[in-house]
Undergrad: 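Here it is, the structure, as structure tokens.
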Amino acid sequence: RRVHGDTQQQKVIMEPYEFFDDLILRYDHFIFDCDGVLIFHGGEIGKSFKVLSYIQTVLKKKVYILSNYGGGDRKAFADYFATFGFIMDPDYIYSSAYLTAKYVKAKYREVPTVYYLGNECQKSALESLGFKTIGEEDDVKTVGDYNTLIAEAKARNIGAVVVSYDPHMNGYKIY
């Protein structure tokens, strides 16, 4: 708990922090968005990871990280956070690729194969939950490539389609 100064002005300045302290002490689980909250353009925002470490290690609260960045798996996120001195179990990190794969698994349990348009991380997330996948990050560049991919998809009994971040998206892939 922060100690207020003697003047009224210092008290007014410190009141928002008092609210923050009360909030942290009241709850046991915290979800933080990663992009633009903890990290911006590859750098830490303020001392965000020191705050998370304090919440997690000193106060013994659960910290979860949520990211809409589909280009990294959970272990890669944890390794990246470690470069800022923040150690976190990957099981508490949720990326859009992982959550998409979990959703498909929950809703379409019996689907044998998933056709994905996206990146390697989306493919890995789907495969880690037991799905066979078809689709490529950047191989569909011609009508011939597209026709080959569609023929292969039909032969493999596709049961769901997942579209995620793809730096090589083009018209052939979504045709």
Undergrad: Out of K61, K62, K60, which residue meets the salt bridge (Lys or Arg N to Asp or Glu O under 4.0 Å) rule with D28?
TA: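 The salt bridge (Lys or Arg N to Asp or Glu O under 4.0 Å) with D28 is passed solely by K61 among K61, K62, K60.
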
Undergrad: Can you tell if the side chain of V162 reaches within under 4.5 Å of the side chain of T133, non-hydrogen atoms only?
TA: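 No - every pair of side-chain heavy atoms lies 4.5 Å or more apart.
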
Undergrad: Counting distance only, does the side-chain N/O of E110 pair as donor-acceptor with the main-chain N or O of G159 below 3.5 Å?
TA: no

Undergrad: Using only atom types and a distance under 3.5 Å, with no angle test, would you say the side chain of S128 pairs donor to acceptor with the backbone of A125?
TA: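 It does hold such a pair.
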
Undergrad: Out of curiosity, does Y94 fall in the hydrophobic cluster containing I87 (side-chain heavy atoms, cut-off under 4.5 Å, transitive links)?
TA: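 I87 and Y94: separate clusters.
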
Undergrad: Which residue in the set I93, L52, D89 passes side chain to side chain contact (heavy atoms under 4.5 Å, CB included) when paired with V63?
TA: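 The single option meeting the side chain to side chain contact (heavy atoms under 4.5 Å, CB included) with V63 is L52.
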
Undergrad: Of all residues at least two apart in sequence or in a different chain, which pass the side-chain hydrogen bond (donor to acceptor under 3.5 Å, both in side chains) check with D33?
TA: none

Undergrad: Quick one, I55 and V51 - any side-chain contact, counting heavy atoms below 4.5 Å?
TA: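 When only atoms from C-beta onward are counted, V51 and I55 do touch, with a gap below 4.5 Å.
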
Undergrad: Please find the pair of heavy atoms, one from Y115 and one from L117, that lie closest to each other, and give the distance.
TA: OH-CD2, 3.5 Å

Undergrad: Which class fits the ring pair F30 and Y27: parallel under 30°, tilted 30 to 60°, perpendicular over 60°?
TA: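 Perpendicular.
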
Undergrad: Once you round to the nearest 0.5 Å, how far does CG of L66 lie from CG of L99?
TA: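 Taking CG in L66 and CG in L99, the distance rounds to 6.5 Å.
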
Undergrad: Would you be so kind as to tabulate the donor-acceptor pairs closer than 3.5 Å made by side chains of residues 36-47, with sequence neighbours excluded?
TA:
| residue | atom | partner | partner atom | Å |
| --- | --- | --- | --- | --- |
| E44 | OE2 | S48 | N | 3.2 |
| E44 | OE2 | F49 | N | 2.8 |

Undergrad: Residues two or more places apart in sequence or in another chain: which of them pass side-chain hydrogen bond (donor to acceptor under 3.5 Å, both in side chains) with Y64?
TA: H29

Undergrad: First locate atom NZ of K50, then atom CZ of F84, and finally report the distance between them rounded to the nearest 0.5 Å.
TA: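 CZ of F84 is found 13.0 Å from NZ of K50.
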
Undergrad: Answer yes or no: is there a side-chain heavy-atom contact under 4.5 Å between F77 and I65?
TA: no

Undergrad: Regarding K105 and the six-membered ring of F131, is the cationic atom NZ or CZ under 6.0 Å from the ring centre and inside 45° of its axis?
TA: yes

Undergrad: If every non-hydrogen atom of V104 is compared with every non-hydrogen atom of A160, which pair is closest and at what distance?
TA: CG1-CB, 4.4 Å

Undergrad: Same cluster or not: are I31 and L59 linked, directly or through other Ile, Leu, Val, Met, Phe, Trp or Tyr residues, by side-chain heavy atoms under 4.5 angstrom apart?
TA: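 Yes.
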
Undergrad: Judged by modelled atom types alone, do S96 and N68 share a side-chain donor-acceptor pair under 3.5 Å?
TA: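 S96 vs N68: no donor-acceptor pair found between side chains.
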
Undergrad: Nearest 0.5 Å please: distance from the CG atom of D73 over to the OG atom of S95.
TA: 7.5 Å

Undergrad: To the closest 0.5 Å, what do you measure between CZ (R74) and CE (M88)?
TA: 9.5 Å

Undergrad: Does any non-hydrogen side-chain atom of C34 lie less than 4.5 Å from one of F81?
TA: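 Side chain of F81 against side chain of C34, heavy atoms only: contact under 4.5 Å found.
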
Undergrad: How about T100 and L126: do any of their side-chain heavy atoms sit closer than 4.5 Å?
TA: no

